[in-house]
**Q** 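Just passing along the structure, written as structure tokens.
In what follows, chains carry the letters A, B, and so on, assigned in the order in which the sequence lines appear, proteins first and then strands, with residues in each chain numbered from 1.
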There are 2 protein chains.
Amino acid sequence: MEQPSRLAGTVRPGGRTARVRAAVLDATQDILVEHGFHGLTMDQVAARAGVGKTTVYRRWGSTPRLVADLMKELANQSSPHADTGDVECDLLANAVSVWEAVTDGRLGATLQAVIAAATCDEEAADALRTFFARRIEEWATVVDLAVKRGELPEGTDGGELIRAISAPLYYRLVVTREPVTRWDAERSVSRTLAAARAGAFVP
Amino acid sequence: MEQPSRLAGTVRPGGRTARVRAAVLDATQDILVEHGFHGLTMDQVAARAGVGKTTVYRRWGSTPRLVADLMKELANQSSPHADTGDVECDLLANAVSVWEAVTDGRLGATLQAVIAAATCDEEAADALRTFFARRIEEWATVVDLAVKRGELPEGTDGGELIRAISAPLYYRLVVTREPVTRWDAERSVSRTLAAARAGAFVP
DNA sequence: CGGTTAACGGGACCCCTATCCCGTTAGTGG
DNA sequence: CCACTAACGGGATAGGGGTCCCGTTAACCG
């Protein structure tokens with residue numbers, strides 16, 4: 001149930017271990033797409049990945065921790081954003097990437113699974129917090145640059161602005177469960193930008 | 001597993017049935033507060049409510065449907081909002097009521113449970129959609145009144161404005177899992193209002 | 001290339017949860 | 001007040017997910 005102790009003996013991160021990890025994480029994502037988080041069992045993951053059930057339990061312990069590990073893996077594949085020199089373009093790129101992530105079957109299913117897992121597992125919640133903290137921080141830089149260029153008021157809080165852009169999209173996805181369209185992404189950008197230009201993001 | 005057929009024979013909504021329903025829903029909420037949705041089992045609900053396990057299965061069938069029913073019950077207790085004659089006041093009241101709902105142990109636990117249940121059960125998802133659709137519609141009226149008074153631009157979309165106010169709060173609660181404060185509620189109002197005054201909510 | 005041992009795999013076991021059967025209780029209508 | 005039956009309750013059963021034990025495999029190191 002615990003991650004195996006790394007204190008006694010030597011670690012072996014070599015070939016087989018890495019192969020097993022990849023197979024298990026892949027199988028997990030497949031099952032999430034097909035059955036969602038509620039339909040994810042250690043049993044199925046093991047069978048699908050072609051590994052022993054015991055192995056999955058030993059290394060991950062539970063489905064929430066499995067999903068948390070998957071999220072950490074995806075967090076590392078974070079694609080760097082473009083900096084076009086125009087805030088509206090940059091922020092639209094951000095909103096659209098959120099929309100795509102949420103719409104895309106594979107990534108969307110994983111995101112929703114982590115959100116579900118986070119409600120019952122602190123490790124999954126941490127993975128989620130870390131993931132978004134990093135994403136927000138990355139995108140906040142384009143706001144800072146826009147402030148330097150004079151496109152937005154001095155002192156505009158970049159992190160809060162980025163949050164404000166994706167919030168309506170996730171709100172529709174998870175809370176009100178309304179369809180999320182590209183149109184929603186575009187409107188969120190223009191609305192948030194209107195508030196920002198009016199100085200609403202300056203504390 | 002199905003709701004018992006109401007076609008053959010007579011329905012008996014009288015004393016005992018209503019008492020059982022109330023006891024079960026109460027027990028459900030208690031368990032949600034203590035253990036969350038993942039720790040909710042039909043067994044515990046039955047035991048806690050002091051009713052037969054069979055009864056709970058017969059009338060609700062699963063925990064997501066139990067939670068969905070609880071949500072419908074709470075939706076009917078929807079408290080009407082005040083209309084102070086000042087948009088900012090009204091919207092602040094809205095944001096604060098969301099903040100309180102999310103912060104309050106009992107209601108907050110239930111809300112998060114329904115959100116979790118909605119990811120794996122269509123009935124729970126429906127309950128959620130219905131609940132929010134109604135709430136949004138109710139509060140949208142204060143926006144319409146403000147437009148009539150000339151406080152906001154003609155054509156402002158009330159529903160979207162209300163969504164925009166609560167979105168950041170739920171976003172923090174469910175997605176980024178950051179703490180939600182009254183300060184967040186206040187900022188959300190002022191930012192959304194700034195965008196609205198700039199005409200960002202006029203299609 | 002061969003010994004050492006971390007890591008994996010198969011299968012038996014166990015507990016918890018869902019389901020079923022049937023006897024009992026108590027609303028309902030006359 | 002009585003017959004009727006919808007709805008409830010207890011207990012026995014079964015199925016599936018999780019745990020454990022121990023033999024096997026293959027990475028690491030000299």
**Q** Donor-acceptor check, side chain of A:Ser188 to backbone of A:Ile165, threshold 3.5 angstrom: yes or no?
**A** yes

**Q** Without decimals, in angstroms, what is the distance between B:His38 NE2 and D:dG17 P?
**A** 19 Å

**Q** Below 3.5 Å, does any donor atom in the side chain of B:Thr54 face an acceptor in the base of D:dG10, or the other way round?
**A**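 By the distance-only test, yes, there is a pair.
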
**Q** What is the distance, rounded to the nearest whole Å, between atom CG of B:Asp43 and atom C1' of C:dA18?
**A** 9 Å

**Q** For D:dT19, take OP1 and OP2 only and decide whether either is under 4.0 Å from a side-chain N or O of A:Tyr57.
**A** no

**Q** B:Arg19 side chain N/O closer than 4.0 Å to the phosphate oxygens (OP1, OP2) of D:dC8?
**A** no

**Q** Using whole Å, report how far CZ of B:Arg59 lies from P of D:dA7.
**A** 8 Å

**Q** At under 4.0 Å, does any side-chain N or O of B:Arg58 touch on OP1 or OP2 of C:dT19?
**A**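 Indeed not, no polar side-chain atom of B:Arg58 lies that close.
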
**Q** May I ask you to verify if any side-chain N or O of B:Thr55 is less than 4.0 angstrom from the OP1 or OP2 atom of D:dG9?
**A** yes

**Q** Taking atom P of D:dG18 as reference, at what distance in whole Å does atom CD of A:Gln44 sit?
**A**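 Going from A:Gln44 (CD) to D:dG18 (P), I get 10 Å.
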
**Q** Apply salt bridge (Lys or Arg N to Asp or Glu O under 4.0 Å) to residues B:Arg172 and B:Asp184 and explain how you reach the verdict.
**A** CA-CA 9 Å; B:Arg172 293 180 76 97; B:Asp184 290 309; 3.5 Å; yes

**Q** Taking all heavy atoms of A:Val114 and all of A:Ala124, pick out the closest pair and write down the distance.
**A**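 So the two residues come closest at CG1-O, 4.1 Å.
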
**Q** Looking only at side-chain atoms of B:Met42, point me to the closest of D:dC8, C:dA18, D:dG17.
**A** C:dA18

**Q** Any N or O donor-acceptor pair under 3.5 Å from the base of D:dT19 to the side chain of A:Lys53?
**A** yes

**Q** Record whether the side chain of B:Thr41 comes under 3.5 Å of the base of C:dC16 through a donor-acceptor pair of N or O atoms.
**A**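 No.
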
**Q** Take atom CZ of A:Arg16 and atom C1' of D:dT25, then tell me their distance rounded to the nearest Å.
**A** 5 Å

**Q** Does the plane of the ring in A:Phe132 sit parallel, tilted or perpendicular to the ring in A:Tyr170? Use 30° and 60° as the thresholds.
**A**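 Answer is perpendicular, since the angle exceeds 60°.
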
**Q** Is it the case that more than 12 heavy atoms not belonging to B:Glu137 sit under 6.0 Å from its CD atom?
**A**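 Check fails, neighbour count at 12 or below.
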
**Q** Round to the nearest Å and state the distance from B:Arg21 atom CZ to D:dC8 atom P.
**A** 12 Å

